[in-house]
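These notes concern the structure reproduced below.
Convention: sequence-line order gives letters A, B, ...; per-chain numbering from 1.
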Amino acid sequence: CRIQRCNAEYVASTSPSSGLQDDSPSDVDYCIALRAYALCTRRTARSCRGDLVYHSAVFRIKELFTQHNCSSDGPTSSAKAPSTSRPVVSELCDYESRVLASGPAGQGKKYAHCGLFGD
Amino acid sequence: PHLRTFRDEFQTCKVEGAWPLIDNRYLSVQVTNVPVVLGSSATATSKITVIFKSYHGCTEQKVYQATTEDLPSAFQDGSRSGGEGGSLWIVEKVGSGGRLVKIQARYIGTSIIVRRVGRYLTFAIRMPEDTLDFSEENSGLQLCLHGCPRNELIKEHTLGRQPLHPRLPGSGSNPELGPLLPPHQIYTVERATAKCRETLQVEDIYFQSCVFDLLTTGDPEFSMAAYGALEDLKALPPSKLKQNSPRTPHVQQNRGGP
């Protein structure tokens, strides 16, 4: 179960020293971090079944979505922001630039292929 | 149809009727397959529906639908693009493998190609692995993710380790196929192999699929389906698929022929 890792990533992405422009994240940045947190917990759901920390996190995430009025659909990582301004929407909507912005770990993103053809 | 899953499993399935290929939080893809030859369980795709789900801040919901009669280069609402900053768009192309439509969903790093080959459709998609969520529980039936149910399977391969002597219809080795009634002409394995060699350089799984399709349907247009699928694979890089050496020995000669 890797829930602690999800928790740590979420805390890091929302803490003042996370590299965000201001001391506190904007609503957009916060919702992005929260969606990434939710995605991380979903990925670890199978191995975390019955883990109290995991179930608490899932419950808390639902509350935070409501509390901060975040939509559950949307980007899960932020685009690289210019040094003086917030990321613009078009950058958020460009997956490639988002994964590049997420640092060295994001540069090796793998793709999967599915095909259906013939009879 | 022949299915290559996100896990690089390669199957030939019956899957007659409507089946989901993908259904996740970003998009839903459903296909309808119809029988191609009387007396055979083989089917081909006659309809493809792709729903790009609403993605906050990037795109509203968009639906694309293609049928054997109509391969539109627009979404159902008539638009050719959507979302912020061109995050979702369609372009039409005419290639050597026939007419095709390419859909680019930038916001999720996803590309889709829908082709019409002969009377039927083919589908190819490339998605980032981190948007697939393989571990998600209750992910339901998704052919691209989990492959075909066992009872829908005609044939199964493992990419990179496929047998050099596949079981072919008409060899009497696959009772599920039943008697073949080719509507166009009778293809022997030799003729089907020769026909597929005209378009496919490497005798790999795609080549075997081509031979299978010709033997099953007797329809020469089917030889282009595997070619088109390979072209799509190349057009949607990067891919993990490794083609075998062009020196792969010939497909088994079937003396019993259909």
Donor-acceptor under 3.5 Å (Y55(B) side chain, G74(A) main chain):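 Answer holds: yes.
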
Residue selection (most heavy-atom pairs with chain A, distance under 4.5 Å) from I125(B), T122(B), L3(B):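 The answer is I125(B).
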
Given the options A44(B), P1(B), A225(B), P35(B), which has more heavy-atom pairs under 4.5 Å with chain A than any of the others? P1(B)

Could you look at [X] and say if it's the side chain, the backbone, both or neither that has a heavy atom under 4.5 Å from chain A?
X: F123(B); value: both
X: V31(B); value: side chain
X: L21(B); value: side chain
X: I108(B); value: backbone

To the closest 0.5 Å, what do you measure between [atom1] ([X]) and [atom2] ([Y])?
X: R25(B); Y: R35(A); atom1: CZ; atom2: CZ; result: 8.0 Å
X: D119(A); Y: T45(B); atom1: CG; atom2: OG1; result: 10.0 Å
X: L39(A); Y: T131(B); atom1: CG; atom2: OG1; result: 9.0 Å
X: L132(B); Y: Y111(A); atom1: CG; atom2: OH; result: 11.5 Å
X: C114(A); Y: R7(B); atom1: SG; atom2: CZ; result: 11.5 Å

Least distance between heavy atoms, C93(A) atom then G57(B) atom: SG-O, 3.3 Å

Non-hydrogen atoms of F222(B) and G118(A) that approach each other most closely: CE2-C, 3.8 Å

Describe, in one word, how the ring planes of H2(B) and F117(A) are oriented to each other, choosing from parallel (under 30°), tilted (30 to 60°) and perpendicular (over 60°). tilted

